[in-house]
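Below is one structure, written out as structure tokens, with a few remarks after it.
The first residue in the sequence is number 1, and the count goes up from there. Basis for what follows: all heavy atoms, side chains included, without hydrogens, waters or symmetry-related copies. One-based numbering, in listed order, for ligands and for the atoms of each.
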Amino acid sequence: MTLLQRSSSPAHPAWIEVDLQQWRKNVSIIRSHIGGSCLFCLPVKANAYGHGLCEIGKAAMNAGIDYLGVAHLQEGIALRNAGVQLPILVLGAIHEDQILELIRFNLEFTISSRFKAELVAEKCRQFSQKCRVHLEVDTGMQRTGVRAVTASALFEYLKTVQCFEIVGIYSHFATAEKPEDPFARQQIALFKTLLASPPFQKHPLIRHLAHSAGTLFFPEAHLDMVRPSLVTFGYLPKGSPPHFHQIAPCFSLKAKVSYFKVVHAGEGISYGHSHVTKKQTRIVTIPVGYGDGFRRALSNKGSVLIRGRRFPIVGNICMDQFMVDVGDQEVYVGDEVVLIGKQGNEEISLSEVATLCDTIPYEILCLFNERIPRIYKT
Ligand SMILES: *Cc1c(COP(=O)(O)O)cnc(C)c1O
């Protein structure tokens with residue numbers, strides 16, 4: 001296996017490893033589930049959930065992905081500047097001052113109200129532009145999107161304005177992670193009823209609804225395109241059917257031990273001395289902190305792996321480093337430390353970390369910033 005490090009990044013004692021082989025495997029498992037004729041849109045917002053926006057965008061081009069989704073204009077521009085040529089849909093609500101750039105960078109975008117549609121129409125009229133848009137319908141998330149009852153009228157309006165090429169229509173699930181909750185089925189029913197109504201019959205449209213949980217649990221919601229992201233990175237919603245169990249994470253957070261010392265009994269560790277040693281022990285320092293996005297909430301709660309063993313984080317996590325108690329084990333400066341991921345037979349899973357931080361895996365992934373270089377296993 002080859003390890004490709006970004007040539008621009010200088011040697012750094014902490015890094016995120018992204019296993020693109022596993023990622024492609026995850027994508028192909030989802031592809032076989034959705035079938036060959038369903039389009040596959042990969043949302044790569046928030047730096048591709050921490051995995052690297054442009055690297056994942058480029059990898060998507062050779063992995064059978066048909067579309068990319070982003071939250072914001074700037075993410076679309078970054079992908080275009082990196083040479084990504086796939087269709088890109090901006091999922092978030094757009095703003096007036098973004099319209100011309102959305103068009104200039106060949107980004108498809110979302111029309112979520114009559115107000116936004118008129119802003120776009122006016123800009124396009126002024127500058128003689130055309131645009132490719134998807135109509136967003138709110139079927140129960142109360143976030144963005146026109147209500148189902150007014151969707152037909154907005155669609156009819158879009159058809160009357162020359163500048164709009166209406167490419168798709170979509171909605172978003174609110175509760176599909178809990179398939180036993182009947183609400184997801186109500187959303188599917190509402191969306192399908194709308195799509196079956198006369199205005200949407202004659203017009204070719206990409207109809208899409210399902211994110212990760214929707215894609216896995218509700219095949220009837222696949223329609224013409226799915227938009228799963230988290231699951232491509234290897235994190236399955238609870239209760240996923242067994243044929244998805246080959247899907248595995250492709251993200252690991254690693255570092256090198258940067259310091260070692262023997263500490264006597266009764267010594268306080270780190271800011272505030274929130275941990276006091278009970279007996280003489282060996283303390284190592286790890287060069288990662290909340291300034292990298294490693295949550296301070298893991299202070300005195302989280303663990304790391306060194307030499308295939310699990311050791312506790314002791315004391316408060318600092319901005320750039322934290323301490324680990326390795327007891328009487330032999331550990332050396334330079335040893336590889338796994339903060340998230342596998343080592344030997346041990347694993348610190350993302351869900352373990354998320355649970356300790358009282359949050360969801362999505363949030364933990366998004367917090368890692370550009371101070372930690374990403375290394376890609378291709
Ligand atoms: C983020 C997002 C997705 C992907 O969600 P996952 O749960 O990661 O699959 C799909 N659709 C929209 C509109 C999104 O904002």
Side-chain angles (χ1 to χ4, degrees), residues 23 26-27 29-31 33-34 38-53 56-57 60 65-76 79 86-94 107-113 116 133-146 167-179 181 184 187-188 191 206-219 221-240 244 247 249-251 350-351 354 359-367:
W23 179 74
N26 296 342
V27 167
I29 291 168
I30 299 157
R31 168 57 79 190
H33 173 63
I34 64 173
C38 183
L39 295 171
F40 194 143
C41 172
L42 176 71
V44 288
K45 60 202 186 188
N47 202 22
Y49 295 35
H51 293 68
L53 171 66
I56 296 296
I65 300 289
D66 304 295
Y67 248 88
L68 296 176
V70 294
H72 294 296
L73 165 67
Q74 56 176 12
E75 295 170 321
L79 287 165
L86 289 170
I88 298 174
L89 169 59
V90 178
L91 296 158
I94 57 151
L107 303 171
E108 297 178 11
F109 55 90
T110 299
I111 296 293
S112 52
S113 68
K116 300 270 169 160
V133 298
H134 294 237
L135 175 58
E136 186 190 10
V137 184
D138 187 346
T139 55
M141 178 80 177
Q142 311 305 341
R143 186 169 69 176
T144 50
V146 68
V167 180
I169 180 166
Y170 76 98
S171 190
H172 192 52
F173 278 120
T175 63
E177 283 75 14
K178 294 198 173 70
D181 186 329
Q187 286 192 275
I188 297 170
F191 193 49
I206 302 173
R207 303 160 305 161
H208 48 116
L209 170 60
H211 63 348
S212 290
T215 303
L216 265 50
F217 294 137
F218 299 100
H222 291 176
L223 305 174
D224 303 312
M225 181 159 84
V226 293
R227 306 185 309 265
S229 187
L230 189 73
V231 71
T232 72
F233 298 114
Y235 307 102
L236 289 168
K238 280 198 192 69
S240 301
F244 295 112
I247 287 179
C250 47
F251 176 104
L350 180 66
S351 73
T359 186
I360 54 173
Y362 294 82
E363 186 183 1
I364 299 294
L365 286 174
C366 291
L367 291 175

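- Aromatic pair H208/Y67: ring centres not closer than 6.0 Å.
- One N or O on the side chain of H222 and one on the backbone of T215 form a donor-acceptor pair closer than 3.5 Å.
- Atom 12 (C) of ligand 1 has its closest protein heavy atom at H172 CE1, 3.4 Å.
- By the 4.0 Å heavy-atom criterion, R143 is counted among the residues contacting ligand 1.
- Looking at S212 against ligand 1, both its backbone and its side chain come within 4.0 Å, counting heavy atoms.
- Listed by atom number, the atoms of ligand 1 under 4.0 Å from S229 heavy atoms are 4 (C), 6 (P), 8 (O), 9 (O).
- With S113 contributing its side chain and K116 its backbone, the two residues share a donor-acceptor pair below 3.5 Å.
- In the vicinity of K45, heavy-atom distances shorter than 4.0 Å reach the ligand 1 atoms 1 (C), 2 (C), 3 (C), 14 (C), 15 (O).
- Residue contact check: P228 has heavy atoms under 4.0 Å from atoms 9 (O) of ligand 1.
- Considering backbone and side-chain atoms alike, E177 places every N or O at 3.5 Å or more from each N or O of ligand 1.
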Practice item. Dump the intermediate steps for side chain to side chain donor-acceptor pair (under 3.5 Å) on S112 and E136, then the final yes or no. Key: CA-CA 5 Å; S112 52; E136 186 190 10; 4.7 Å; no

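- Under the 3.5 Å distance criterion, the side-chain polar atoms of T110 are left unmatched by any main-chain donor or acceptor of H134.
- Heavy atoms from both the backbone and the side chain of H211 come within less than 4.0 Å of ligand 1.
- Under 4.0 angstrom from ligand 1, there are no non-hydrogen atoms of M141.
- A donor-acceptor distance shorter than 3.5 angstrom exists from the side chain of Q187 to the backbone of A174, with no hydrogens or angles considered.
- Between C38 and I34, the closest heavy-atom pair is CB-O, 3.5 Å.
- The ligand atoms of ligand 1 that sit less than 4.0 angstrom from a heavy atom of R227 are 3 (C), 4 (C), 9 (O), 10 (C), 11 (N), 12 (C), 13 (C).
- At a 3.5 angstrom cut-off on N or O pairs, L230 counts as close to ligand 1.
- Taking the six-membered ring where the residue is Trp, the centroids of F218 and F173 are separated by under 6.0 Å.
- Between the choices Y362, Y49, F173, the shortest heavy-atom distance to atom 5 (O) of ligand 1 belongs to Y49.
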